[in-house]
Amino acid sequence: MNNVVTAENLGKCYGDLRALKGVSFSIAEGECCGFLGHNGAGKSTTMRMIYGLSTVDEGRLTVLGRSVRLTPPDIKSLIGVVPQEDNLDPDLTVAENLEVYGGLFGLRRREAAERTRELLAFMGLEDKTRARVDELSGGLKRRLVIARALINRPRLVVLDEPTTGLDPQARHLVWQKLRTLKAEGVTLILTTHYMEEATQLCDRLLVMHEGTILAEGSPRQLIERHTLPWAIEVLVPLEQVPPGLNDKVTEAGGEVLQVVDGLFLYAADGEALWSRLGSWGLSPHACFLRPANLEDVFLKLTGKGEED
Amino acid sequence: MGALRVLNRHLRVFGRTWQHSAMFNVIEPLLYLAAFGFGMGALVQDIEGMSYLEFLAPGMVTLSAMYAATFECSYGTFVRLQYQKTFLAMLAGPVTARDVILGEMLYGTLKSALFGTVILAVVAALGLIRSPQALAIPLLLALQGAVFAALAMWYTAYISNIDYLNYYVTLAVLPFFLFGGLYFPVSTLPAWVQAANYLNPLFHSVEVCRALALGQAAAGLWLHVGLLVAIGALVLPAPLRLMEKRLIN
């Protein structure tokens, strides 16, 4: 299968800050690939390089078959971009936003109008055609931004935090639309803070931290490789946790992870660990047993989960 | 090509907002014309064989043109750059930073020619234009517009806060039109101000505009046109480079 994007040893400095420290990855055609990481991990910088807002200063980046220093217009014409912040044109109506954007891609007026109708229908925005952008809710704006990114029938869509700030209904709708695109063979690259989003949408994930890639694999693979299958969340303040608990868990073959003020216990056999908590002085009622998920992997890999 | 597509966006917006922008760009010069022309005009004797209103009219034409380009490529550009993030949205499409900035300046140039021409039509209707040579004035206004678009863009590329645009208006635009020979002949000014006026694009433009309005086209005017072109050509690369640096990192 062809690679749509290949990065070899990408590096980027902003002044003294090394935002990317030698990042390598490749993304295959038709794949949905997710980038996870804290703010400042280097996800957005990587995205900006792909869609031509940042120059490649170190390493090599190949986008849709072309090695680029700054992604040129003819490559950009094959890409759709959903940026982190909604930069819709407030001077234009909903439909005009799409039509004018189509014009930027060289669509003729009739073509652009037709494509606009299709996309407004696809994103469920038909009844907002003549609305002004600032009349739209956050969820509707996001849908419009996604519609705009599709105006040129892109082969590759880059989505920088596509559902940040959306309510659950809006988020599910966006996910559903992205699945439709994927089924049509469009390659998707997205960044997200939501593990559920990553699990739901992505074939493969790259976990970034401080400008490097820490881990790579499908959501399932990451969970299997990086954490034990069961997690117990300890829902009491740390000072009420019986002393020596960590050692007992470790002796029993489990793992302990402290994230800021939260405590997580991991085990191969969750029930077995759970049943012993009482004898270690921790009420099982204050604990929550569940299968380990991507969030556990993320917390474990990217340190203690502190925000930058 | 990319710049024309960017321009297309602006024209689409203009189709929606032209009334407001006309309000500002057309009414203000006409107010000046009325206040100075009728008010001052009553006190002022003929200047070089022209009534004061006739003297003033070409000045107001160039003033309107200067305003249009200046405000579009300062306040307008800054709002799109900083608040609306319009440029970043465009840059995700198949255009370069240069296309975006050139498109902005083209828009400023076009508005400049358009609004200047509207004032020209008004003063012509008032009988303040003597010669059909004035038909060439819109071309002059486009040239002048390009120069002022580039100047405003140059300044806008540097600033981080919209309030700093006031400095440009007060320290550059205001002296341009107060001392550029719009309201009175520059020959009344001290020699050094007259010399400094050779760096003032509005001075060159109003000299040519007035000569055309009177039907006094002469070879000597090419000096003014040439200097306008030279100022524009010297300034143009700077905003393109600075804005590119600002947008792409």
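Quick caveat: nothing in here was measured; it's all calculated off a predicted structure. Order of the sequence lines fixes the chain letters, A, B, ..., with proteins taken first and strands second; residue numbering starts at 1 for each chain.
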Query raised in the report: Counting heavy-atom pairs under 4.5 Å to chain B, which of A:Arg148, A:Arg109, A:Met49 comes out on top?
Result: A:Arg109
Report summary line: dist B:Asn8:CG -> A:Glu99:CD (nearest 0.5 Å) comes out at 10.5 Å
Report summary line: Here the gap from B:Arg12 atom CZ to A:Thr93 atom OG1, rounded to the nearest 0.5 Å, amounts to 7.5 Å
**Report entry** Heavy-atom neighbours of B:Trp18 CH2 exceed 12 at 6.0 Å
**Finding:** no
**Report entry** Pair A:Asp91 + B:Arg9, salt bridge at N-O below 4.0 Å
**Finding:** yes
Report task. Please name the pair of heavy atoms, one in B:Gly93 and one in A:Lys76, separated by the smallest distance, quoted to 0.1 Å. Result -> O-CE, 3.2 Å
Query raised in the report: Heavy-atom count around B:Tyr164 OH within 6.0 Å, excluding the residue itself: above 12?
Result: no
Report summary line: Nearest heavy-atom approach of A:Tyr101 to B:Ala89 is OH-O, 2.6 Å
Query raised in the report: Who wins among A:Ala149, A:Gly106, A:Pro154, A:Pro83 for the most heavy-atom pairs under 4.5 Å with chain B?
Result: A:Gly106
Query - Segment of B:Met90 engaging chain A (4.5 angstrom heavy-atom cut-off) - result: both
Query raised in the report: So, do A:Leu53 and B:Leu247 sit near enough that their side-chain heavy atoms are less than 4.5 Å apart?
Result: no
Query raised in the report: Would you say B:Lys85's side chain and A:Asp86's backbone share a donor-acceptor pair under 3.5 angstrom?
Result: no
**Report entry** A:Arg132 atom CZ, neighbour heavy-atom count above 12 within 6.0 Å
**Finding:** yes
Requested in this report: Flag the one option from B:Val6, B:Ile248, B:Asn249 with the top tally of heavy-atom pairs under 4.5 Å to chain A.
Outcome: B:Asn249
Query raised in the report: Counting heavy atoms not belonging to A:Glu114, are there more than 12 under 6.0 Å from its CD?
Result: no
Report task. For each of A:Thr45, A:Asn87, A:Leu78, A:Asn152, tally heavy-atom pairs with chain B at distances under 4.5 Å, and name the one with the top tally. Result -> A:Asn87
Query raised in the report: chain B heavy atoms under 4.5 Å from A:Leu88: which part of the residue, side chain, backbone, both or neither?
Result: backbone
